[in-house]
Amino acid sequence: VIDSDGNTTLTADTITVNASQFNVNSGATLNITTTDTETGTTFSNLSTDQGALSVIDGSAHIGGDTLVFNNNTSSSHGAGLYYKETTTGLDSSVVLDAENITFSNNTSNYSASSGGAVFNSGGDVSILGDTNTFTGNQILGTDVDENRAFVSEAWRLHDAGFPVPEVVAAADDCSCYLQEDLGDTL
């Protein structure tokens, strides 16, 4: 945990986080730079409340050649990256600036609006990879009423011409639905 206006810089060939959630809170700043082109920075196999990398009212900049969020599970929002700004006027943001950024097989067990790979609530998140890959990320929304509201709103926005992922099919009771992939480039 990096807290209370702290500034932490990590520079290494590789950095692997696979034992505990990485928290950046309350005005703190995290800067990570890796030089290994194969491994880089990896957040993997974490089971958390909110994201393998959780930034609340803080800032994070992760650069280098490779950044991977893989096989993380969250009981709340954003299994890979969770970002929330709760105090207005903060100069906080998250910047992921690696050549190759991958979010794969991350699962949020919360609700339809929780974001399997990334959840952003009220802040600036920039994903600037030369190659961005999102594959196998999922949300297991067990609240059928919320699923129904999400599907209805998604169809309404899509039909009105807004650039949102299309819900291509839904069960009659909205216990599950299929949403189009966002693709490999943001």
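Bear in mind that the values here come from a model prediction, so they are computed numbers and not experimental data. Hydrogens, waters and symmetry mates play no part in the numbers below; they use all other heavy atoms, side chains included.
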Any idea which heavy atoms bring [X] and [Y] closest together, and the distance?
X      : Y      : answer
Gly58  : Tyr83  : O-CE1, 3.8 Å
Gly78  : Ser108 : N-OG, 4.3 Å
Ala117 : Asn106 : CA-CB, 4.4 Å

Is the shortest heavy-atom distance from the side chain of [X] to the side chain of [Y] under 4.5 Å?
X      : Y      : value
Phe69  : Asn105 : no
Ile56  : Gln50  : yes
Asp124 : Ser126 : no
Asp130 : Asn100 : no
Thr34  : Thr66  : no
Leu81  : Phe43  : no
Thr131 : Ile101 : no
Asp159 : Leu157 : no

**OP:** Return yes if a side-chain donor-acceptor contact under 3.5 Å exists between Ser44 and Asn71, otherwise no.
**Re:**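 No pair is found: no donor N or O on one side chain lies under 3.5 Å from an acceptor on the other.
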**OP:** Answer yes or no: is there an ion pair linking Asp145 with Arg148, defined by an N-O contact shorter than 4.0 Å?
**Re:**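 Salt bridge between Asp145 and Arg148, a charged N being under 4.0 Å from a carboxylate O: yes.
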Pairwise distance [atom1]([X]) to [atom2]([Y]) - rounded to 0.5 angstrom:
X     : Y     : atom1 : atom2 : answer
Leu30 : Thr9  : CG    : OG1   : 8.0 Å
Ile32 : Leu67 : CD1   : CG    : 8.5 Å
Ile62 : Thr33 : CD1   : OG1   : 9.5 Å

Subject >> Check against side-chain contact (heavy atoms from CB on, under 4.5 Å), Phe103 and Leu96 >> reply: CA-CA 12 Å; Phe103 286 86; Leu96 307 181; 3.9 Å; yes
Side-chain donor/acceptor of [X] to backbone N/O of [Y], under 3.5 Å:
X     : Y     : result
Asn70 : Asn45 : no
Asp65 : Glu99 : no
Asp97 : Gly63 : no
Ser74 : Asp49 : yes
Asn72 : Leu46 : yes

Side-chain heavy atoms under 4.5 angstrom apart, residues restricted to Ile, Leu, Val, Met, Phe, Trp, Tyr: same cluster for [X] and [Y]?
X      : Y      : result
Val125 : Val95  : no
Val24  : Ile127 : yes
Val94  : Leu128 : no

Original post:
Would Phe134 and Val118 satisfy side-chain contact (heavy atoms from CB on, under 4.5 Å), going step by step from the backbone distance to the final call?
Top reply: CA-CA 10 Å; Phe134 291 78; Val118 176; 4.2 Å; yes
